[in-house]
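Please read all numbers here as calculations on a predicted model, not as lab measurements.
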Amino acid sequence: PPGVGQVGRRQRGGAWDGRAGDLVSWRRCGEAAALGRASMRQCTPYQERRANEAQRAAAVDQMTGLSTYRVLRDQLAFEVERSKRSNEGFAVLFLDLDRFKLVNDSLGHQAGDAHIVRLASSLRAEAGMAGSVYRTGGDEFMILLPNCRNWHAINLAHRIHAATETPLGTRAPSIGVTETTGTAHRQ
């Protein structure tokens, strides 16, 4: 078993991150590890912290900061139930970039990523306080608009098209990236 001097050190020599958990739980884990009964990775505070980090990572797209499909799925279920109770509709906009692969192929993935980040920012700005923007795939986005009539959603789709029609740095007219937008409305 490892000696007491090795407790609190990773196998490769780095220090453990003890931010998860309290002193008592870490002391118990350290004592168990010193006696060869457990590794630090088997300790409950470490596992809980890692699970929380994984859950956060699944909920937020790391590149754009937008919520992911997992969050949208929960919000959509909530909106359906709210809509049933209140008899108020909601709308969902679907946005898919056409021929986006050409950006990555001709200008590189960094340019494609930069375009996605700028597009996400534009979508967030256009949706404003009225809607929530989600990144549901590599070049796919959805906007959830609670308490919204279909014509509001269509108006937003037109504003988004106008905002994304102008060149955004790496979006060269010769590449011809456009978006396809669809709306769905529940009354």
Side-chain angles (χ1 to χ4, degrees), residues 48-187:
E48 288 173 352
R49 187 175 128 243
R50 298 294 291 186
N52 288 339
E53 288 173 355
Q55 192 172 26
R56 273 193 306 276
V60 176
D61 177 63
Q62 298 302 306
M63 185 184 349
T64 62
L66 297 175
S67 296
T68 64
Y69 180 76
R70 290 177 182 212
V71 177
L72 171 65
R73 184 183 57 209
D74 295 342
Q75 283 300 118
L76 204 49
F78 174 80
E79 281 303 317
V80 168
E81 292 304 314
R82 187 201 55 79
S83 178
K84 286 178 186 176
R85 286 191 309 274
S86 66
N87 287 325
E88 294 176 349
F90 66 92
V92 179
L93 269 71
F94 306 87
L95 185 119
D96 181 61
L97 297 177
D98 302 324
R99 297 184 301 275
F100 185 71
K101 185 179 182 315
L102 293 174
V103 173
N104 285 334
D105 290 348
S106 62
L107 299 174
H109 288 278
Q110 284 183 329
D113 290 352
H115 180 72
I116 291 290
V117 169
R118 283 190 296 275
L119 177 65
S121 179
S122 293
L123 293 176
R124 211 182 278 122
E126 289 299 326
M129 298 299 291
S132 301
V133 183
Y134 304 86
R135 185 174 182 200
T136 57
D139 63 351
E140 298 165 354
F141 299 86
M142 293 176 80
I143 302 174
L144 178 61
L145 300 161
N147 302 322
C148 181
R149 300 256 180 230
N150 197 35
W151 64 272
H152 288 319
I154 292 170
N155 186 28
L156 177 59
H158 287 297
R159 288 196 333 258
I160 288 170
H161 181 73
T164 60
E165 197 171 39
T166 59
L168 292 172
T170 60
R171 182 176 167 188
S174 61
I175 295 173
V177 175
T178 59
E179 79 280 338
T180 301
T181 307
T183 63
H185 179 256
R186 183 184 192 289
Q187 292 181 328

Could you go through residues 152-160 and list every donor-acceptor pair under 3.5 Å that involves a side-chain atom there, pairing it with any protein atom two or more places apart or in another chain?
from, atom 1, to, atom 2, distance (Å)
Arg159, NE, Glu126, OE1, 3.2
Arg159, NH2, Glu126, O, 2.9

State which residues pass salt bridge (Lys or Arg N to Asp or Glu O under 4.0 Å) with Asp74; sequence neighbours excluded, sorted by chain then number.
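With sequence neighbours excluded, Asp74 shows a salt bridge (Lys or Arg N to Asp or Glu O under 4.0 Å) to no residue whatsoever.
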So do the side chains of Leu97 and Val103 get within less than 4.5 Å of each other, counting heavy atoms only?
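No; the side chains remain at least 4.5 Å from each other.
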If we only count heavy atoms from C-beta on, is the Leu119 to Leu95 side-chain gap below 4.5 Å?
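SC-SC contact between Leu119 and Leu95 confirmed.
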Drop me the distance from Ile116's CD1 to Asn104's CG, to the nearest 0.5 angstrom.
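Taking CD1 in Ile116 and CG in Asn104, the distance rounds to 8.0 Å.
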Calculate, to the nearest 0.5 Å, the distance between atoms OG and CG belonging to Ser132 and Leu76 respectively.
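The OG atom of Ser132 sits 11.5 Å away from the CG atom of Leu76.
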Exercise: identify the closest heavy-atom pair between Ala127 and Val133
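Here Ala127 and Val133 meet closest at CB-CG2, 3.8 Å.
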Any idea which heavy atoms bring Pro146 and Phe90 closest together, and the distance?
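Shortest heavy-atom separation between Pro146 and Phe90 comes out as CA-CB, 3.9 Å.
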Does anything in residues 100-117 pair up under salt bridge (charged side-chain N to carboxylate O under 4.0 Å, His left out), and if so which pairs, sequence neighbours excluded?
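Non-adjacent pairs meeting salt bridge (charged side-chain N to carboxylate O under 4.0 Å, His left out): Lys101-Asp105.
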Sort and list the pairs that fulfil salt bridge (charged side-chain N to carboxylate O under 4.0 Å, His left out) and have at least one residue in residues 62-73, not counting sequence neighbours.
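Checked against salt bridge (charged side-chain N to carboxylate O under 4.0 Å, His left out) - neighbours excluded - no pair reaches residues 62-73.
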Taking distance alone, no hydrogens or angles, what donor-acceptor pairs closer than 3.5 Å link side-chain atoms of residues 135-144 to residues at least two apart or in another chain?
from, atom 1, to, atom 2, distance (Å)
Arg135, NE, Gly137, O, 3.1
Arg135, NE, Gly138, O, 3.4
Arg135, NH1, Asp61, OD1, 3.2
Arg135, NH1, Asp61, OD2, 3.0
Arg135, NH2, Gly138, O, 2.7
Thr136, OG1, Glu140, O, 3.4

With no hydrogens and no angle check, is any side-chain donor or acceptor of Thr64 less than 3.5 Å from a backbone partner on Val117?
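Side chain of Thr64 to backbone of Val117, a donor-acceptor pair under 3.5 Å: no, none is there.
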Partner set under side chain to side chain donor-acceptor pair (under 3.5 Å) for Ser86, not counting sequence neighbours:
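For Ser86, the residues satisfying side chain to side chain donor-acceptor pair (under 3.5 Å) (neighbours in sequence not counted) are Arg82.
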